[in-house]
Structure formats: C-alpha cells, structure tokens
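In what follows, a structure is listed as structure tokens, so that the remarks can point back to it.
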There are 2 protein chains.
Amino acid sequence: MGTQREKITIQQIADHADVSISTVSRVLSGNAKVGAKKHEAVLEAVKALNYRPNVFARGLASGQSMTVGVITQHISSPFYDAITQGILEGFENSPYSPIIVDGQWKPEVEERMLRTLQDRQVDGMIIVGGGLSYDLLKEVNEETPIVIVARELTEFKDRCIYIDNFQAAYEATQYLIRMGHREIAHVSGKADHADSKLRLDGYKQALSDAGIPVRDELVVQGNFLPQSGLLAVETLLTRGQSFSAIFCANDQMAMGVRLALYRRGIRVPADISLIGFDDQPSSAFMTPPLTTVKPSATELGKSAAYYISNILKNVDQPLPEQSYELVIRESVAHLR
Amino acid sequence: MGTQREKITIQQIADHADVSISTVSRVLSGNAKVGAKKHEAVLEAVKALNYRPNVFARGLASGQSMTVGVITQHISSPFYDAITQGILEGFENSPYSPIIVDGQWKPEVEERMLRTLQDRQVDGMIIVGGGLSYDLLKEVNEETPIVIVARELTEFKDRCIYIDNFQAAYEATQYLIRMGHREIAHVSGKADHADSKLRLDGYKQALSDAGIPVRDELVVQGNFLPQSGLLAVETLLTRGQSFSAIFCANDQMAMGVRLALYRRGIRVPADISLIGFDDQPSSAFMTPPLTTVKPSATELGKSAAYYISNILKNVDQPLPEQSYELVIRESVAHLR
DNA sequence: AGTATTTCTGAAAACGCTTTCATAAATTTG
DNA sequence: CAAATTTATGAAAGCGTTTTCAGAAATACT
C-alpha cells in the first residue's frame, strides 16, 4: 500500500495514456506541442500512477543535472553561514537543487571541491568567498556558469555579488567621528583577505576626509576570529596609545574586544565605544548590544541563487544590487 | 590546452588500453578481477586521458547515486548549523556527496524535502531533528536507509544519534546546586520540542534528588530564541519570585537573559548565576563567558555521516556514543 | 594427456529518458 | 480539389555505465 514508488517509467504512463513514450516525454518537458486530448491523458496518467522521473536517465539523455554546486568556506563564521542559509532559501522553489561542498578557505581544497562539482555535472556554481584564481574560474566558467558571492573580482564584475566594503567601513568610521570620536582604533581582518583591506581603506579614508591623521599605531591586525579581538586590545593597550573608540572588521572580533575590555574593567561604551561589522545574530544580545554594519548576508545568498538560476535559464537580468545598513545599538557613546 | 574535459568515455580508454569496455568498467569499479597487465593498462589510460566518469550513466546503470540527502532545520540556530557543518566534514573524504535541503522545522516542508531527496535517488538520508512521524520515516527507511541526528525516536533507536538531554540537564542543575544555589529558575525551550521536555525533566529531577522542591513559578516557557530569554526574565521578575540562578535550555536564550539582566543592572554572576546549553561559539565571549553544556554538535554531525556511510557499505558497527561536557566558565558564582 | 574447474574477458542487453528522423494527419494555398 | 506546407506523433537511435551471459583461456585434477 501507500506510495508504491517502484518502477513507474514513462513507458508505463505511455501505455496508460495510450500514446508513445516520445509524446510523454514531450508533455513532461514541454519541448514540443502535443495534441490537447493526448496532453491531458498523459497528465492524468502521471497523476494516477504517481510518476516520478528518474533524474539519472534525464541527466544522461539531456546532459543537464538540474543541480547547482555551492562552494562555501566554513570555519565557523556566522557571516558565511548566513550566506549559505540564504542560498538554500533561494533555491527553495527552484527546479535546481543545490549541492554544497566546503572549501575551508584553502585554495587547494577549494579547487578539489570545484572538480568534484564538475564531476557531478552541476549546471552552475556559486562560490562563496574563497581565493580561487581568476584563470581557473575563467576556465571553468567557460562550460559551467559561475557566480561569486562576497568577493569582488574586477575581471569578473558581472558575476560577483558583494557589498561595498570600502563604503560601509567608511560610513561606520564616519559615524564614530560624528559621535565626537577622533582617536579611533581599528582591528582589521585576515591579512590576505580582500575584505580586510577594503574595510581598512574605508576606515583610513573616512579619517583623512575628516582631517584626522591616520595613525598606524592605532590599527592592529586581526584574523576575523574572536580570539584575535582579545589580543588586539592587549596590543593596543601595550602600545600605550590613547583612543576612545574601536572599529572592528567583524563582529566576532568585536566580541573578543568586548571581553578583553570587560576583563580590564573598561566600560563599553562609557569608556570605550565599539563598532562591528556583519551584524551576526548574537550581536544584538551582547552587553551592550553592538552597533554594527549589517550587510544582510542572507540576502546576498538569496540573490546569488536567483542570479544563477536566471543565468541558467538564459534570462537577461541586471546584477542585483546589494545593500547594507548601519544598525545603531548601544555600544557607541556620544563624546562631548 | 589545459584540461580538455570533453567526452572521455570508457570507450576511449578501452581503445587506448586495447581492452573491452567491460574490462574497463571492471577495473574502475573493482567488481571483478581482471588480469594484471590489462588492469595496469587501463589505469594508465585513465591517467593519460584524464578520465572522469559520468555520474548519470553510472547512476542509471547501477541504481546508486553515491549521494546522501541531508535534511536540516535552519531558522538560525548555531547548534543546528554546527551539526550541518559536522555532517559536511564527515563526508569530506567519502565517496558519497551530501545534498542538503532545509526542513525549516515545519513537518510539511520537511516531508516535501524528503520527497525531493527520494526523487534525486539519494542512497541514504540524514535527518537533523525535525518532526517527521515514525510511520513516514519507517516507510522511507524501507528503501532508503535513514539516520536521525539530535532527535530520539524510541521506535528507531539504532538509527538515532543524540546526546542524553535529560542527563546533561540533570548535571547542569546539579552543578548549580553544588555551587550553593537552591532557588534555581529554568527557562525551557520550545514547547513541542522533545529536547525541551527532556531538559526540563532533568532539571526537575536534579532538584528533587537534592531535596529541593520543584516550584513551577520558577520555570518559564521559552522558545529557544534569544528574545524569549529576555522575556523570561521579565516574567520571572514580575512573578516576584526570588532566585539566585537561572538554567537556560540553550545558549541563545541565555544571551537574552543576560541582556535583560544587564538592562536591569543585575550583575552576573554576582547577583544571579547563569548557565546555558549548547556552547555555541559566541558563548565563550559573552560578558562574562558563559558556563554551559557542550554537546559537541560538530561531532554529532560527523558521527552521523560516518554512521550512514557504513550502513550503506553494509558494514556492521555500534551506534556511536555521543558525549557532552559541562564547560565551566565565569557565569556561575559560588554561593556561600 | 584428457577432462573438469575455475578465471578472464568481450558482446550485448539493460537502465529510463531525450531527441532526431520520418511519416501520417491536418491545414493552407493556388 | 490537388499540391504544398505545417503539425502532431511514433520508431528508433543514442547518452555512458554496469552487468549478465557465454565463450576462451588458464589451471587443476585423474
């Protein structure tokens, strides 16, 4: 009883509807017109027999897999997790199914995974961040369309979905300045990460534009992990520099910073103001709730899913614009 | 130039190695012995031509897809995210590729996704949490082996990988008692969630066993989201009950609780001690760092991946034992 | 050596669907 | 109304593997 999902093939439904299998295939794929009565008969048979097409036969015959490969970079980052989540959402009602692999932020792994996806004959790929070379991407893109999320590749502009890190960092810093801060420290992200540089540049530019000299002693190199935020505070304090605010290149590091400050008995924001980047879920519940830049990671992922779907369907479309927002909470004080 | 990954089929390598395609297939799949020289010749041809098997042809002919379907339940929970991550890791060097879909904690969606996976002919499935009925699971399991993570189904014992929520909650509560607390509040999880009940029961049992009467006014219903932790504190305070510690059914709610306390100027742990469950990544960086139960979500996922792999390979194995650990940080004070 | 076994190996038949090609039917055109 | 087109439909040829079935070759046994 129940769903006897054994071997219902188009042959069976062809028999049931008294047509040829070619006809069945045609109504199923919609690749050609078929007469009204037959059309209906087929549909009915499909329903009656609860037909489920065999993906392999389809794939083999058509060369299409109806899957898109997704390369993520995990290593516990809420921001990237959220992107993945958004991609999943974006494929919810799509004919394509995502197949996810992890690049671990290691180019070798990433390349291996990319090959795996090729072997699986994905119709398209979404690559989240990562460090694959333009040449490789280009080569692969020849046969399998690629969309890149959260990474900006000048040679690949029309395939990159990202937010303007420079501008966002600029605005975050500007906000601090508007709140009366002039001695602003920055904890930057991983050195070899493009976003890090962009955010750092935005920070510097905002300072310059406000006529505040950029002091290198006030920027310390982090790696996006909370622990590095903690260390950064120690470094800053050791350097003996005075500052009234810290702009962190992501929320995770801001958490580390906040803990270091707590340990030292330094109050936030009374003594030091703090601003982050990413708006990861927990940031709203920090003590105090963190003011941060919210890039809408989920949106990024969703857009990527839609974007590649359309590319695969050959529909023209503009590159989706990605926005961000400065969400103001309670970690920044107005200096008078 | 480069990887001319056009159409290298076993036919080509058969020609190149001067054998029949049957022989090629045999050395590739290892399903039968073939003579030493031919064996080597084939391998060499494979390397020389950079052969990549066609998954569809394979799948069609063999009926195996070499993929396992994973149903996750997202809705922004670090705990479940970590499990997914673990599953991904577990399949890293496996011949199986995971294909992930999201059930959104909604049984209807979950069932639809399950059907999608069936359509994709997955060889096995991993279901993370969720609320699918035993009957449905059993039906599907007849043809596609299923492993269930983070959910305990008595009828399906040998396929469920989970930690002992009751015991873990018991120990967390016991720890609080040992630290001198006697008025311990509990913020429970989502009402219809099995884990919630187990954790609540563990809490109650620990109290009883210590000779402390269970007071219903000290337990308030949450839903695993941070916001509900915040509300819970308000509720507790409104009820006018006195208490010195709060045990939350997960870390997210503990964050909400902590924020509510902060708003009220109540110190942690000086005034109120706090303990959570899950050890999500950010918990180590709360102010103060949160004492919590760490179930090793990643392990759970990894185990599930290994477990189903072995089931598919027909190798006998014991059900992997899942452990947890009370990680003691700074959110609980010793009451004297 | 002659026969009975056991191993290898190739030919060919699936696997379930898409798609080309040809034909029959329906429509248009002169 | 016959001829020229256009459409709808079925037969059959793939798509790239695996696997069954039989021989052929090698090995073992009397």
Side-chain angles (χ1 to χ4, degrees), chain A residues 4-43 45-46 49-67 95 118-123 143 312, chain B residues 4-43 45-46 49-67 95 118-123 143 312:
Chain A
Q4 37 64 270
R5 47 180 14 265
E6 280 329 301
K7 13 199 77 263
I8 313 279
T9 73
I10 59 171
Q11 181 61 64
Q12 328 240 18
I13 95 156
D15 293 347
H16 188 290
D18 200 36
V19 298
S20 74
I21 64 166
S22 329
T23 301
V24 175
S25 172
R26 282 191 265 258
V27 355
L28 257 32
S29 64
N31 288 335
K33 295 199 107 87
V34 343
K37 64 274 302 289
K38 303 216 177 202
H39 190 279
E40 185 164 353
V42 168
L43 254 33
V46 165
L49 301 184
N50 185 31
Y51 167 77
R52 291 325 196 53
N54 178 311
V55 268
F56 295 119
R58 258 229 239 283
L60 182 56
S62 71
Q64 300 240 298
S65 67
M66 299 313 279
T67 65
Q118 285 190 308
D119 287 351
R120 293 214 153 260
Q121 245 110 97
V122 297
D123 294 334
E143 25 180 85
L312 293 177
Chain B
Q4 36 65 272
R5 43 178 22 262
E6 281 328 303
K7 16 195 80 260
I8 312 278
T9 74
I10 57 170
Q11 181 61 66
Q12 328 239 20
I13 95 158
D15 293 347
H16 189 291
D18 199 38
V19 298
S20 74
I21 63 166
S22 331
T23 301
V24 175
S25 173
R26 281 190 266 258
V27 354
L28 257 32
S29 66
N31 288 335
K33 295 199 107 84
V34 341
K37 63 275 302 285
K38 303 217 178 202
H39 189 279
E40 184 164 352
V42 168
L43 255 32
V46 164
L49 302 183
N50 186 31
Y51 166 77
R52 289 330 197 46
N54 179 313
V55 267
F56 295 120
R58 259 229 237 285
L60 181 56
S62 72
Q64 300 239 300
S65 66
M66 299 313 279
T67 66
Q118 284 190 308
D119 287 352
R120 293 214 154 260
Q121 245 111 95
V122 297
D123 294 334
E143 25 181 88
L312 293 177

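What you see is a predicted model; the values in this text were computed from it and never measured. Order of the sequence lines fixes the chain letters, A, B, ..., with proteins taken first and strands second; residue numbering starts at 1 for each chain. All values below come from the heavy atoms of this structure, side chains included, with hydrogens, waters and symmetry mates left out.
Whole-Å rounding puts the A/Lys38 NZ to D/dT9 C1' distance at 6 Å. Distance NE2 (A/His39) to C1' (D/dT7): 15 Å, rounded to an integer number of Å. Between B/Leu60 atom CG and D/dC15 atom P the separation is 14 Å, expressed in whole Å.
You can see that DNA chain C meets the heavy atoms of chain A within a 4.0 Å-exclusive cut from C/dG16 to C/dT20, reading 5' to 3'.
Within the structure, the side chain to side chain donor-acceptor pair (under 3.5 Å) test picks out the following pairs touching residues 53-64 of chain A (sequence neighbours left out): A/Asn54-B/Gln121.
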Compile the donor-acceptor pairs under 3.5 Å between side chains in residues 27-35 of chain B and protein atoms, sequence neighbours left out, one pair per line.
unit_1, atom_1, unit_2, atom_2, d
B/Ser29, OG, B/Ser25, O, 3.0
B/Ser29, OG, B/Asn31, N, 3.4
B/Ser29, OG, B/Asn31, ND2, 3.1

Throw together a table of side-chain donor-acceptor distances under 3.5 angstrom for residues 11-19 of chain B, partners on residues two or more places apart or in other chains.
unit_1, atom_1, unit_2, atom_2, d
B/Gln11, NE2, B/Asp15, OD1, 3.1
B/Gln12, NE2, B/Lys7, O, 2.3

*Before giving the answer on side-chain contact (heavy atoms from CB on, under 4.5 Å), spell out for A/Leu43 and A/His39 the whole-Å C-alpha distance, their side-chain angles and the decisive distance to 0.1 Å.*
CA-CA 6 Å; A/Leu43 254 33; A/His39 190 279; 3.5 Å; yes

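Rounded to 10 degrees, the angle between the two end axes of the helix from C/dA1-D/dT30 to C/dG30-D/dC1 is 30°, with five pairs used at each end.
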What N/O pairs connect the protein and nucleotides 18-21 of chain D at under 3.5 Å? Give each pair on its own line.
unit_1, atom_1, unit_2, atom_2, d
D/dT18, OP1, B/Arg58, NH1, 2.8
D/dT18, OP2, B/Ser25, OG, 2.5
D/dT19, OP2, B/Asn31, ND2, 3.1

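Every side chain to side chain donor-acceptor pair (under 3.5 Å) that B/Arg120 has, sequence neighbours left out, goes to A/Ser97. Under the rule for a side chain to side chain donor-acceptor pair (under 3.5 Å), the partners of B/Ser65 that lie at least two apart in sequence or sit in another chain are B/Thr67, B/Asp123.
B/Val55 and A/Asp119 make their closest contact through CG2-O, 3.3 Å (heavy atoms, listed as atom of the first residue, atom of the second, distance). Contact between A/Ile10 and A/Tyr51 at its shortest, heavy atoms only, is CG2-OH, 3.3 Å.
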